[in-house]
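Protein chains get the first letters and strands the later ones, always in sequence-line order, with residue 1 at the start of each.
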Amino acid sequence: MKIDFIPIDYDYFDFEDRNYIRIIGRDKRGRRVCVIDSCPVYLWAVLIDGLKESKIKGLVENIENIRLNIKGRHTKVEKVELREKNFLSKRVKALKIFATNYKDLHDIADKLDFPEIQNRRGYDLGFITHYIIEKKFSPLQWHEIEGNVLDGSGEFGGIDKGLQVDICIKLQSHKKLEASVFTPKVLAYDIEVDELKIGEGEILMVSLVSENFKKVITWKKPNKKLDFVEIVKDEAELLKKFVHHVREISPDFLVGYFSDGFDLPYLKTRATKLEIPLALGLDDSQPRFFRAGAGRSLGTGKISGIVHVDLMRFIQTAYSQYMQSETLSLNEVSKEFLGDTKKDFKFKHSSKIKKEEWDSYFEYNLHDSVLAYGLFQKFWSDMLEFTRVMQEPVFSVTRNGMGSNVEDYIIHNLSKFNEIPEKRPTYDEISERRRKEKYEGAFVFEPIPGLYEDVAIFDFTSNYGTTIVTYNLSKSTLLKEKAKDAHHIEIEGKDVYFSKEPGFFPEMLREIIEKRKKYKQELKEKPDVIKQARSNAFKLLANAAYGYQGFFGARYYCREAAAATAAFAKKMIKEVIEKINLQGFKVIYSDTDSIAFLIKDKSEKETLKFLEQLNKELPGIMELELEGFFTRGLWVTRRTGTIGAKKKYALVDKAGRLKIRGFETVRRDWCHLARELQNKIIRLVLEDGNEIRALQYLKGVVKKVKKREISKEEIMIRTMLQKPIEEYKAISPHVIAAKKMRELNIPVSGANMIEYFIAETREKKSLVREKVKLPEEKGEYNIEYYLSRQILPAVENIFQVFNINVTEITEGKRQTKLGDF
DNA sequence: GAAGTGGATATACC
DNA sequence: ACTGGTATATCCACTTC
């Protein structure tokens, strides 16, 4: 049989001691297809230099005799081949040692304790990864496949029996096809409960949303007749009904928001308690949960044959750095990406919900799934492209951090370089790496505070990435000793050297950067979501590659390479700053990869011409580009002292667009009153070029504060609880607020955002935390606190630029310096 | 008990 | 634990006089 097939989910099983992969996907007609296949299993033994042929022959014979019996599984070395390979960019002779079962490779590696072998590698990739590499059968790519249909034949112990698929094929051959559209079947879900602690309360309702399908299953009664509500007898029936609908719709993706951490484990726990099998898997299996590691890190919920996607996790790694949203809450994220919000419903215990309120609860529940469904559609092209680029199953790609994504990309591209994969660091190695001191990072220019006119900004495109490529910085190119024709730079008082012989890591990164450039260009010419997603994936990869080499968990960890990257980049930007000044401009600020300078008497055209000239002088693939021209820019002092504050500035361009960095305006842990006031002041100062209107505005706000005319919403301070309350050594205001919430049984949001305000107190209290009140508590805001600790700090150093001491205004004293406005 | 300082904590920039 | 370092600012905790 021959069909077109797209692999979606990968799984594996053992049969007669051997490993088989089971891939679930679709064909062009939308039929669900299961593909079963196997591949050779092997690991690598890297031999020491200069071994004689006879020695190798003897060694091979020894290895071929290895036999193991682990947990009743018979594994043996099946054959051994001698190969010319590269290991860490060095040419080596290596033995490719084939064995029966992938799970036993580690034990075989332990048996390879021969003096002729210097490294044992390639046994820690995981069978799915190993299979994808070996057979080049990559996820979410269309393939033409050929094979035999297993028609309940009983082959592989009848693995196809009872599997909810249309066809099950034993693979014979496959080839990749041209990219074409794939529209997956998606089902979004969301639950509502009384107790937020997993499994502690009853599940009141579940909503399900798919194409032309909207449903809320509940055992509570609606007030009016709502056509999307399906009423069942009790919680047990609800769970059964949920399973029934999921199986009937049989989606490729079951999608939730924070569902790894909440919905799926909750369903599983309740199902176990009520002894209802949560048979969601295509093979009737229940979701399995994997702990990602120790501590508080999230587990993952895996359903056999259906890809469970927790959108929050993907959005966090792929998008959060570019988002406007201040939290990853479903509400904010939906507002930003869908222009839609959650429905209004104030959480309360079901015993306190009035009869007529249930309908809006059902609508609320349904709408959460509508949002999750919408977000999936919005981010689908990104998930698709990430999966294709990293070549790992969607399940992992949507959960991985950027560190793992970089590593996946490397692992799946090693064969182009004939490279044997490096191993994962051991626990001890990780501990050792983590104990190492921080190395010196980026350069930040100390600005002279002031309001400037006509500012231009240049920045390096993929700065650290292009630095790594230009100077060939990586684990495999680091030289042990001083060398003549090598890149070298001083780190911590010592010179380090990197070979000029291209290493696979920098070369891979070169390709990533080139692809990013290419797709960005194509996107510009003819935009579409796929190109956008692809361009974005390569951009993120390029940016994360530097951090990866300095990351203690990386296979290709190299502190020297990371430190050298920062050092080369620092040297480079300082040289460029010098050149810009020498040309007659004046640099006023710089941070890591960007330089802001006054163009003075020069024109924009001349500035751009100079940029071209600079680019010609840059080494390797390093490149400067214009970030923009700005009509005015504002830099202020630090709060204490007179020196210029770094990472804090505001710009306005010709179109009146503001670009504000670091100021309280952009910090979510300041109250809206202070943030909006500061934003307004910055705008007025940048638009007018003086402080007159800004000062007037400030006075108005101060007056309002004093007259208690500020709304409660405006004075709320929001801070995130970063760890369990007990672990705090310092009891700061937000910890007090969190404690109060616990006492009053107010649930802490999923994002752990704590909200409070500072109130007037009867007695005189000196500590801020003694004045903390929750939004629901009665009390008036503390005028003194909001004036001196919120408003004043937010505007003080802006007016300082104009030599105006604003303390007098906020404290209500008579102005001496300025006369009257 | 005020004043000064360092540590803990949160958040932002690139 | 799940990319890196640099920086600001607040408030508490502690020391000193």
Side-chain angles (χ1 to χ4, degrees), chain A residues 291-298 313 316-317 321 326 396 399-408 424-425 427 430-431 433-434 437-446 459-460 462-465 540-554 556-557 559 561-563 565-567 569-570 573 589-594 627 636-641 643-649 659-670 717-723 727-736 752-754 758 766-772 785 789-790 793-794 797:
Chain A
R291 278 260 157 263
R296 286 182 303 277
S297 60
L298 271 181
R313 289 178 87 142
Q316 182 160 30
T317 42
Q321 62 179 129
E326 285 174 9
S396 353
R399 282 168 177 80
N400 281 345
M402 276 319 287
S404 308
N405 283 334
V406 173
E407 195 149 285
D408 285 342
R424 277 209 196 99
Y427 182 82
I430 290 178
S431 309
R433 292 171 181 185
R434 293 188 67 195
E437 260 181 71
K438 277 189 176 184
Y439 55 84
E440 200 180 301
F443 168 68
V444 189
F445 190 102
E446 187 191 302
D459 58 20
F460 284 97
S462 296
N463 184 33
Y464 283 141
L540 285 167
L541 268 183
N543 289 342
Y546 154 72
Y548 172 81
Q549 296 202 97
F551 167 49
F552 50 74
Y556 294 98
Y557 171 81
R559 186 175 179 275
T565 308
K570 193 173 202 169
I573 200 157
Y589 185 62
S590 165
D591 184 352
T592 314
D593 60 354
S594 71
E627 222 278 313
V636 298
T637 62
R638 288 206 313 225
R639 186 112 162 80
T640 48
I643 52 171
K646 298 171 177 181
K647 300 191 184 286
K648 215 173 177 184
Y649 60 90
K659 184 174 170 154
I660 300 178
R661 292 290 121 97
F663 276 107
E664 284 75 4
T665 296
V666 298
R667 292 183 62 100
R668 65 173 185 215
D669 55 345
W670 282 69
I717 296 162
R718 290 175 193 87
T719 315
M720 223 206 284
L721 206 58
Q722 302 275 25
K723 53 187 174 189
E727 283 176 33
Y728 281 89
K729 282 186 211 160
I731 309 303
S732 46
H734 82 291
V735 177
I736 287 291
N752 271 337
M753 205 50 101
I754 304 295
I758 303 304
S766 57
L767 292 177
V768 176
R769 68 166 173 224
E770 292 167 323
K771 303 170 201 165
V772 166
Y785 173 84
R789 311 283 190 97
Q790 292 278 329
N797 33 25

When you compare the protein's N or O atoms with those of nucleotides 2-4 of chain B, which come within less than 3.5 Å of each other, and at what distance?
none

Taking only Lys NZ, Arg NE, NH1 and NH2, and the carboxylate oxygens of Asp or Glu, determine whether A/Lys648 and A/Glu664 approach each other closer than 4.0 Å.
yes
For atom CZ of A/Arg433 and atom C1' of C/dC2, their distance in whole Å:
13 Å
Rounded to the nearest 0.5 Å, what separation is found between the CG atom of A/Asp669 and the CD1 atom of A/Ile717?
9.0 Å
For A/Lys771, give me all partners under salt bridge (charged side-chain N to carboxylate O under 4.0 Å, His left out), at least two apart in sequence or on another chain.
none
Can you tell me the distance, in whole Å, between the CG atom of A/Asp669 and the P atom of B/dA10?
10 Å
What does the B/S/- profile of nucleotides 7-17 of chain C look like, 5' to 3', with a 4.0 Å heavy-atom cutoff to protein?
SSSSSSS----
Contacts of A/Tyr546 meeting ring-ring contact (aromatic ring centres under 6.0 Å, His included) (sequence neighbours excluded), chain-then-number -> A/Tyr464
Picking from C/dA1, B/dC14, B/dA10, which would you name as closest to the side chain of A/Phe552?
C/dA1
Spacing between A/Phe445 atom CZ and C/dT6 atom C1', to the nearest angstrom:
16 Å
Touch check for A/Tyr464, heavy atoms < 4.0 angstrom, all strands: base, sugar-phosphate only, or nothing?
nothing
Using the side chain to side chain contact (heavy atoms under 4.5 Å, CB included) rule, take A/Ile573 and A/Thr592 through it: C-alpha gap first, then chi angles, then the decisive distance, then the call.
CA-CA 8 Å; A/Ile573 200 157; A/Thr592 314; over 6 Å; no
Classify the nucleic acid contact of A/Tyr439 as base, sugar-phosphate or nothing, counting any heavy atom under 4.0 Å across all strands shown.
sugar-phosphate
Could you tell me the separation between the CG atom of A/Asn543 and the C1' atom of C/dG5, rounded to a whole number of Å?
15 Å
d(CD, A/Glu437; P, C/dG4) in whole Å:
16 Å
Just wondering, more than 12 heavy atoms not from A/Glu440 lying within 6.0 Å of its CD?
no
Indicate whether OP1 or OP2 belonging to B/dC13 is found under 4.0 Å from a side-chain N or O atom of A/Gln321.
no
Taking only residues two or more places apart in sequence, or in another chain, which ones meet A/Val768 in a side-chain contact (heavy atoms from CB on, under 4.5 Å)?
A/Pro733, A/Ile758, A/Tyr785, A/Arg789
Check the phosphate of B/dA10 against A/His734, side-chain N and O only, distance under 4.0 Å to OP1 or OP2. Yes or no?
yes
With a non-hydrogen cut-off below 4.0 angstrom, is A/Gln549 in contact with a base, only sugar-phosphate, or nothing?
nothing
Name the nucleic acid region contacted by A/Gly547, choosing base, sugar-phosphate or nothing; use a 4.0 angstrom heavy-atom cut-off, strictly under.
base
With heavy atoms under 4.0 Å as the rule, sort A/Gly553 into base, sugar-phosphate or nothing.
nothing
Between B/dT9 and C/dT3, how many Å separate the two C1' atoms, rounded to a whole number?
22 Å
Take atom NZ of A/Lys723 and atom P of C/dA1, then tell me their distance rounded to the nearest Å.
14 Å
Separation of C/dC2 atom C1' from A/Phe551 atom CZ, nearest Å, is 4 Å
One thing to verify: whether A/Lys646 and A/Asp591 come together as a salt bridge, which I'm taking to mean a side-chain N less than 4.0 angstrom from a carboxylate O.
no
side-chain contact (heavy atoms from CB on, under 4.5 Å) with A/Thr317: which residues, sequence neighbours excluded?
none
Considering only heavy side-chain atoms of A/Tyr649, the closest of B/dC13, C/dA1, C/dT6 is B/dC13
Could you state the atom-to-atom distance from CD of A/Gln722 to P of B/dT11 in whole Å?
5 Å
Counting just side-chain N and O atoms, does A/Arg661 come under 4.0 Å of either OP1 or OP2 of B/dC14?
yes
Angle class for the A/Tyr589/A/Tyr649 ring planes (parallel below 30°, perpendicular above 60°, tilted otherwise)?
tilted
